[in-house]
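Reviewing the structure listed below.
Only this structure's heavy atoms are used, side chains among them; waters, hydrogens and symmetry mates stay out.
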Amino acid sequence: MAGTAGATQVTMPQLGESVTEGQVSRWLKQPGDRVEKYEALVEVITDKVNAEVPSPVAGVLGEIMVAEGETVEVGTLICSIILDPGETPAEAGPQEDGGSVAAETAPAPAPAVGPAPTAASDANGADRKDRAGRASPAVRRLAEEHGLDISAMRGSGLGGRVTKKDVEDHLAAGGGKAAAAAATAPAPTAPATRPGPAAGDELIPLNAMRKAIAEHMVRSRRTSPHAWCAVEVDMTNVVALRRAEREAFRATEGVDLSYVPFVIKAACESLRAHPGVNATFTDEGILRHAAINISIAVALDDGLILPVIHDADRLSITGLAHQLNDLAERARAGKLTLPDVERGTFCVNNPGTFGTVISAPIINQPQAAIMTMEAIVKRPVVMPGDLIGIRSMMYAAMSFDHRVLDGMEAASFLGDVKRSLEAMAPSMPLR
């Protein structure tokens, strides 16, 4: 658009306090398309949430710098918007959703995507420098780790941009430090090969959510030294209480009464007594959180998401049941907002609903621990006086960050969860 005042540069927002990167799932506008202020511009997915990023200004979408399916670090330039005449460029700085939009007044870039750099343009080094500068920080870091000169690579991305796949393809073709080392190393006697698909096999492509979950889980295992412990809980009283109240509860409250609110209630009471579990490891020290915000695992058709019950310790069993129902319904409908998944301090998962009796979950970063509630199973138990009774038993298991917690505190925390659950009497009020 000739005669415009300039352009606003839009960067990858930070969708969550511990989120460092995001994946462009789908562009809702294409170069040359009209976009209004606050109109959805692009869908971004992280391991925390899927979100639509709104346009900070009105204008025309200029150049797209990050292709669909590409993952880049927070703050990376993803597109430009050519401003309408008289439109003020968006101010740089944090937005309400925790992201940022960096603004500059500059000649408007052409909406059309240019061709990939040619060998002739490489001769003067200008295009090579441009390719190196326009690659995302994550791609540049990957190239540096393998000793690659990213400016000498030809990119398959928009405008010749070097993508993560370009670097991986280059490595697969024999580039980088690994290839140089392999050239001088003795040949392996039995090279490892990945077998090809056999007849009847089916390859399921990774969607954005599964990729994000995979990256988050690998990062968690690399970041936190995981330790694990478990206790056996006699849930007989809780089972009797739920059985007695369930139908009336559904009639008056409009939601089902599951076992999860009881376990969350016990966890909250134990977290108050053991603040070291409600914590995060930082380079400056162990940060103990004042608020008790419980992340709950909700299974979706294509993955898992962890919405948060904020200030869960202030809620009754009834309040927790309503919060659980609301978050689960909105998670499965894809209607969670960013605040719904932020600031969790401790995680509770319920794999027991699928019949598991013991689990070793992976910690949800940057939290210090995650606790599971397993299947409640009737079995014979030795009672006081050496009598044998049929009781409803459940294991509660916890993975914890050994940088933050030692075994004694973790075991003491679970012991208090056990005592709290076993002390719940059939006459216990739910509200």
Side-chain angles (χ1 to χ4, degrees), residues 231-275 277-278 290-299 306-332 336 340 343-356 369-378 381 389-398 413-431:
V231 294
E232 190 176 33
V233 184
D234 187 340
M235 295 285 286
T236 304
N237 286 347
V238 176
V239 169
L241 173 58
R242 176 177 180 259
R243 183 184 299 117
E245 297 286 346
R246 188 176 186 184
E247 292 304 320
F249 189 89
R250 185 186 290 114
T252 58
E253 301 297 333
V255 298
D256 189 34
L257 179 62
S258 70
Y259 292 111
V260 182
F262 297 95
V263 174
I264 292 178
K265 189 67 175 177
C268 288
E269 292 175 357
S270 189
L271 286 170
R272 281 198 295 267
H274 300 276
V277 182
N278 197 54
I292 295 178
N293 300 329
I294 304 296
S295 300
I296 56 168
V298 177
L306 298 169
V308 178
I309 301 176
H310 296 94
D311 298 313
D313 57 318
R314 301 181 183 180
L315 299 176
S316 64
I317 296 291
T318 299
L320 289 170
H322 279 287
Q323 285 284 298
L324 284 164
N325 183 74
D326 173 63
L327 289 173
E329 284 189 351
R330 288 194 290 121
R332 291 169 182 138
L336 290 176
D340 291 325
R343 302 177 60 194
T345 61
F346 182 81
C347 188
V348 174
N349 191 8
N350 181 25
T353 191
F354 303 106
T356 66
I370 176 173
M371 185 182 77
T372 65
M373 48 181 296
E374 306 295 335
I376 299 173
V377 179
K378 282 189 175 182
V381 176
I390 303 300
R391 310 293 289 179
S392 296
M393 306 300 293
M394 179 192 82
Y395 284 105
M398 187 171 80
F413 167 82
L414 279 184
D416 281 351
V417 171
K418 168 185 171 72
R419 282 185 284 275
S420 181
L421 285 168
E422 291 179 347
M424 290 183 179
S427 58
M428 171 184 168
L430 302 181
R431 294 168 180 83

Problem - Close side-chain approach of Leu271 and Ile294, heavy atoms under 4.5 Å - result: yes
Completion exercise
Tightest non-hydrogen contact, residues Met373 and Pro351, listed as O-CD, 3.6 Å
Exercise for the section: Report yes if some heavy atom in the side chain of His322 is under 4.5 Å from a heavy atom in the side chain of Val255; otherwise report no. Expected result: yes
Practice task
Would you confirm whether Lys265, through its side chain, and Ala312, through its main-chain N or O, come within 3.5 Å as a donor-acceptor pair?
Solution key: no
Practice task
Answer yes or no: is there a side-chain heavy-atom contact under 4.5 Å between Thr353 and Tyr259?
Solution key: no
Completion exercise
Glu329 meets the salt bridge (Lys or Arg N to Asp or Glu O under 4.0 Å) criterion, sequence neighbours left out, with none
Handout entry: Shortest non-hydrogen contact between Ala369 and Met398, atoms and distance
Key = CB-SD, 3.9 Å
Practice task
Start with the C-alpha gap between Asp256 and Asn325, add the side-chain angles, then the distance that decides, and say whether side-chain contact (heavy atoms from CB on, under 4.5 Å) holds.
Solution key: CA-CA 8 Å; Asp256 189 34; Asn325 183 74; over 6 Å; no
Practice task
Could you check if a side-chain atom of Leu430 sits within less than 4.5 angstrom of a side-chain atom of Ser316, using non-hydrogen atoms only?
Solution key: no
Practice task
Using a 4.5 Å cut-off on heavy atoms from C-beta on, say whether the side chain of Leu421 contacts that of Met394.
Solution key: yes
Problem - Qualifying residue, where the test is side-chain contact (heavy atoms from CB on, under 4.5 Å) with Ser392 and the options are Ile376, Val233, Asn237 - result: Ile376
Problem - Residue pair Thr236 / Asp234, side-chain donor-acceptor N/O under 3.5 Å - result: yes
Practice task
Check whether any side-chain heavy atom of Leu320 lies under 4.5 Å from a side-chain heavy atom of Phe262, and answer yes or no.
Solution key: no
Problem - Electrostatic pair Glu422:Arg391 at N-O distance under 4.0 angstrom - result: no
Practice task
Name all residues meeting the salt bridge (Lys or Arg N to Asp or Glu O under 4.0 Å) criterion together with Arg243; count only those two or more places apart in sequence or in a different chain, and write none if there are none.
Solution key: none
Handout entry: Partners meeting ring-ring contact (aromatic ring centres under 6.0 Å, His included) with Phe346 (sequence neighbours left out)
Key = Phe413
Exercise for the section: Determine which pairs satisfy salt bridge (Lys or Arg N to Asp or Glu O under 4.0 Å) with at least one residue from residues 315-328, sequence neighbours left out, and list them in order. Expected result: Asp326-Arg330
Handout entry: Ala266 backbone acceptor or donor facing Ser270 side chain under 3.5 Å
Key = no
Exercise for the section: For Arg242, enumerate each residue passing the salt bridge (Lys or Arg N to Asp or Glu O under 4.0 Å) test, keeping only those at least two apart in sequence or located in another chain. Expected result: none
Exercise for the section: With sequence neighbours left out, write down each residue that passes salt bridge (Lys or Arg N to Asp or Glu O under 4.0 Å) with Arg314, or none if nothing qualifies. Expected result: none
Problem - Any donor-acceptor N/O pair, Asn278 side chain to Ala291 backbone, under 3.5 Å - result: yes
Exercise for the section: Would you indicate whether the side-chain heavy atoms of Met428 and Glu245 approach each other to under 4.5 Å? Expected result: no
Exercise for the section: Could you check if a side-chain atom of Asn293 sits within less than 4.5 angstrom of a side-chain atom of Asp311, using non-hydrogen atoms only? Expected result: yes
Handout entry: CE-NZ distance between Met393 and Lys378, expressed to the nearest 0.5 angstrom
Key = 13.5 Å
